Amino acid sequence: METSRVTNQYLEDNLETEFKCLDHGFVRVVDYMGDESSIVQAARVSYGTGTKSVSEDKNLIRYLLRQGHSTPFEMVEIKFHMKLPIFVARQFIRHRMASVNEYSARYSILDKEFYIPKLQDIQPQSTDNKQGRSGELTEKQANEVKEILLENSNNAYWKYEVLLGEKKGDSKFSYHEDYNNTFYDEKFPGIAREMARMVLPVNYYTQWYWKVDGNNLLKMLKLRNDKHAQKEIRVYAEAMTEILSGWMPNVFDAWVDYMAESYTLSKQMIEALRKYMTVEDFEDELKSHKDISKREKEELINLLKGN
Ligand SMILES: Cc1cc2nc3c(=O)[nH]c(=O)nc-3n(C[C@H](O)[C@H](O)[C@H](O)COP(=O)(O)OP(=O)(O)OC[C@H]3O[C@@H](n4cnc5c(N)ncnc54)[C@H](O)[C@@H]3O)c2cc1C
């Protein structure tokens, strides 16, 4: 069907592609609205029709992102289908500007699918970062941890099925002698799915549709690609970043330069720089940097001079 709407070849080619994450998860694009031409077009509504060429479009995108003109980036949207462990979903849900529809474990029975980390990802608690891991376990220790995770996850699903009343007649496991095996009694109807799920640990997989605009996607990707973010959510952020780079390559480049790999200096840090750097020497050094625009060089020099 012919359409005059903006279509993006990369996303059209990848609409069914599952970008694999962790052991059973994925990210897949379900739908989208616009691409970087939509951002440029929206910006021109504010700034007039001055720029037109491809390089001018690229520079406009860089300018917008650098100056924090975020609303043109809200003019594009993307909808992902994701399969992810519940503990990763809990971190994603903190990004409030996304719209979410999650698989209902009140309505349906969850599959027996849980995340077990690779041996090298099973690490001790970091001593200098309360929210992280670092160092190594011995192979034997890591294997034993993996066994505990596996046993816990399998046992939990077995209990889930018992509570759902799905294990009738199966008395080969005596859960607890005090219960007198009533769970295997034909009269036990099972409890509601919304309650039975309480026994499942947070490494079980859930699924959802997660829709976000470009501005909030870039913010989320900065936070969740960062080395301080948990490895497991970073895996999803990396897959989404790959999708971003195919969908909007100039936005991706600008995001790397002005968000992902940039850093905000405090007033005190700038004062320290001013004190210990000779602006004249720095000006000479800066001349050789062809990938810094004239305007950015001027801004940097003015910052150091205190202008
Ligand atoms: C490494 C890391 C560790 C974290 N650790 C913890 C933790 O230990 N505990 C914890 O609770 N959270 C934690 N978080 C979550 C964090 O505090 C933020 O909730 C999360 O990063 C979402 O950020 P956001 O508010 O910018 O995003 P969004 O919620 O997507 O919001 C995007 C933007 O919309 C605006 N906005 C959204 N909602 C409102 C609102 N109600 N009022 C005003 N403006 C709004 C804000 O300007 C915001 O920047 C952590 C996040 C990271 C990256």
Side-chain angles (χ1 to χ4, degrees), residues 1-19 21 26-82 92 95-100 209-226 234 236-264 290-296 299:
M1 190 181 77
E2 289 280 318
T3 177
S4 48
R5 294 159 64 89
V6 173
T7 51
N8 180 268
Q9 198 56 52
Y10 171 81
L11 289 188
E12 290 295 325
D13 291 344
N14 282 288
L15 277 183
E16 294 303 318
T17 309
E18 285 184 1
F19 291 76
C21 299
F26 63 79
V27 174
R28 177 175 79 86
V29 178
V30 178
D31 206 355
Y32 67 98
M33 181 173 77
D35 63 12
E36 54 193 28
S37 69
S38 322
I39 295 171
V40 169
Q41 188 190 34
R44 288 208 184 104
V45 171
S46 336
Y47 294 108
T49 53
T51 56
K52 282 265 171 1
S53 72
V54 173
S55 72
E56 280 172 317
D57 284 358
K58 181 177 167 177
N59 287 338
L60 178 56
I61 285 168
R62 295 181 71 78
Y63 171 80
L64 293 170
L65 207 63
R66 191 158 71 88
Q67 298 294 330
H69 291 303
S70 53
T71 46
F73 296 90
E74 291 172 20
M75 299 300 160
V76 297
E77 293 203 344
I78 190 158
K79 181 163 42 178
F80 296 103
H81 175 192
M82 300 166 67
F92 261 103
H95 299 275
R96 296 158 293 174
M97 299 316 282
S99 306
V100 180
Y209 273 19
W210 194 88
K211 189 195 69 142
V212 72
D213 66 53
N215 175 32
N216 286 294
L217 176 68
L218 298 184
K219 283 184 181 171
M220 184 280 287
L221 290 181
K222 175 176 170 59
L223 291 170
R224 300 302 181 178
N225 269 294
D226 191 275
R234 244 163 39 214
Y236 286 84
E238 282 162 11
M240 293 158 107
T241 306
E242 187 183 336
I243 293 168
L244 169 73
S245 71
W247 177 32
M248 302 195 288
N250 288 315
V251 172
F252 167 75
D253 286 345
W255 171 82
V256 170
D257 292 348
Y258 299 123
M259 290 181 77
E261 291 182 26
S262 79
Y263 190 83
T264 307
K290 295 198 170 48
D291 49 354
I292 306 180
S293 70
K294 192 166 165 261
R295 192 194 298 220
E296 284 172 276
E299 279 180 24

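Everything numeric in this text was worked out from a predicted model, so none of it was measured. Quick note: numbers below take in every heavy atom, side chains included, and nothing from hydrogens, waters or symmetry partners.
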(message) side chain to side chain contact (heavy atoms under 4.5 Å, CB included) for Val76 and Asn215? Distances and angles first, verdict last.
(response) CA-CA 8 Å; Val76 297; Asn215 175 32; over 6 Å; no

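- Side-chain contact between Asp213 and Ile78 is absent, with no heavy-atom pair separated by less than 4.5 Å.
- Rounded to the nearest 0.5 angstrom, Asn250 CG and Ile39 CD1 are separated by 10.0 Å.
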(message) With side chain to side chain contact (heavy atoms under 4.5 Å, CB included) as the criterion, how do Glu238 and Asn225 come out once you've worked through the C-alpha distance, each side chain's angles and the decisive distance to 0.1 Å?
(response) CA-CA 7 Å; Glu238 282 162 11; Asn225 269 294; 3.6 Å; yes

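- Closest of all the heavy-atom pairs between Phe19 and Ala239 is CB-CB, 4.1 Å.
- Side chains of Arg28 and Glu16 form a contact here, defined as non-hydrogen atoms less than 4.5 Å apart.
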(request) Decide side-chain hydrogen bond (donor to acceptor under 3.5 Å, both in side chains) for Ser293 and Glu296; before the verdict, give the C-alpha distance in whole Å, the side-chain angles of both, and the deciding distance to 0.1 Å. (result) CA-CA 5 Å; Ser293 70; Glu296 284 172 276; 2.9 Å; yes

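- Remark: Met248 CE to Ser37 OG distance equals 10.0 Å, nearest 0.5 Å.
- In this view, Glu18 and Lys20 satisfy the side chain to side chain donor-acceptor pair (under 3.5 Å) rule, not counting sequence neighbours.
- With contacts defined as side-chain heavy-atom distances shorter than 4.5 Å, the pair Met240/Phe80 qualifies.
- For the side chain to side chain donor-acceptor pair (under 3.5 Å) test, residues two or more places apart in sequence or in another chain that qualify with Asp257 are Arg62.
- Using a 30° and 60° split on the angle between ring planes, Tyr32 and Trp247 fall in the perpendicular class, above 60°.
- Annotation: side chain of Leu11 is in contact with side chain of Ile243 (closest heavy-atom distance under 4.5 Å).
- Looking at every heavy atom in both residues, Ile61 comes nearest to Phe73 through O-CZ, 4.0 Å.
- Separation of atoms CE (Met220) and CZ (Phe92) is listed at 4.5 Å; rounding is to 0.5 Å.
- The shortest non-hydrogen separation linking Arg234 to Arg224 is CG-O, 2.9 Å.
- No side-chain heavy atom of Val29 sits under 4.5 Å from any side-chain heavy atom of His81.
- Between atom CD of residue Glu36 and atom CG of residue Leu60 there is a gap of 11.0 Å, rounded to the nearest 0.5 Å.
- Leu221 contributes atom CG, which lies 15.0 Å from atom OH of Tyr236 (distance to the nearest 0.5 angstrom).
- Between Trp255 and Thr241, the closest side-chain pair of non-hydrogen atoms falls below 4.5 Å.
- Between the NZ atom of Lys79 and the CE atom of Met33 there is a distance of 11.5 Å, given to the nearest 0.5 Å.
- When side chains are defined from C-beta on, Leu15 does not count as touching Asp31, because their heavy atoms never get closer than 4.5 Å.
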(request) Start with the C-alpha gap between Glu12 and Asn8, add the side-chain angles, then the distance that decides, and say whether side-chain hydrogen bond (donor to acceptor under 3.5 Å, both in side chains) holds. (result) CA-CA 6 Å; Glu12 290 295 325; Asn8 180 268; over 6 Å; no

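- Lys211 has its side chain out of reach of Val100: every pair of non-hydrogen atoms, C-beta onward, lies at least 4.5 Å apart.
- A donor-acceptor contact shorter than 3.5 Å links the side chain of Lys222 to the backbone of Met259.
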